[in-house]
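Below is one structure, written out as structure tokens; the observations come after it.
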Amino acid sequence: PSGGGGSKVSVTAANPPDAFQGEELDVIVSGSGFDQGSQVSYLVTGTTDASQVEVLSVQFISSTELKTRVRPKDAALPTEYDIQVQTSSGRKGKGTTLFLVKVTAPACTG
């Protein structure tokens, strides 16, 4: 079906593409159709569960790049995550299995 209404939102990559449980880091989300005020969710692949990875901040860089500050919870599921972007106008795009949460390696003692 055709119709007006702006560009499609797509999500194509995350850099870096993984993080350890409990680690706080910046992830650059790439794609297209992003705008000022876009919101980002990291969803357990195949679900709508956004509770495992906290998104602390989203910084608009360009229509093709958002900088997200994320922190997978200490007990976040060690699995793949979809990244969903919702623009300020409500359009959504999702990239599947773009991000991986890894189990934190036990600290070496001695």
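Note that these values count all heavy atoms, side chains included, but never hydrogens, waters or copies made by symmetry.
- To the nearest 0.5 angstrom, D18 atom CG is 8.5 Å from E23 atom CD.
- A donor-acceptor pair under 3.5 Å links the side-chain atoms of Q21 to the main chain of A76, judged by distance alone.
- Each of D82, I83, T96 was scored for a side-chain contact (heavy atoms from CB on, under 4.5 Å) with V11, with one residue passing: I83.
- Closest approach of L66 and S38 over heavy atoms only: CD1-CB, 3.9 Å.
- Looking only at distances, no side-chain donor or acceptor of N15 sits under 3.5 Å from a matching main-chain atom of I28.
- Put simply, the side chain of T64 never gets that close to the backbone of S32: no donor and acceptor are under 3.5 Å apart.
- A side-chain donor-acceptor contact under 3.5 Å links T12 to the backbone of S30.
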| task | Decide yes or no on ring-ring contact (aromatic ring centres under 6.0 Å, His included) for Y42 and Y81, but give the supporting numbers first. | result | CA-CA 6 Å; Y42 288 71; Y81 289 76; 7.5 Å; no
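- In this structure, the side chain of T47 engages the main chain of D49 through a donor-acceptor pair within 3.5 Å.
- Taking the charged nitrogens against the carboxylate oxygens, E24 and R69 do have a contact shorter than 4.0 Å, which makes a salt bridge.
- Scanning all heavy atoms of the two residues, the minimum distance from E65 to F34 falls at N-CD1, 3.5 Å.
- Contact detail for P16 and F99: the closest heavy-atom pair is O-CE1, 3.7 Å.
- Without hydrogens or angle criteria, T68 side chain to V27 main chain gives a donor-acceptor distance under 3.5 Å.
- Under the 4.5 Å side-chain heavy-atom criterion for ILVMFWY residues, a single connected hydrophobic cluster contains both V44 and L98.
- Looking only at distances, no side-chain donor or acceptor of Q86 sits under 3.5 Å from a matching main-chain atom of K92.
- Transitive grouping of hydrophobic side chains (ILVMFWY, heavy atoms separated by less than 4.5 Å) brings V55 and V85 into a common cluster.
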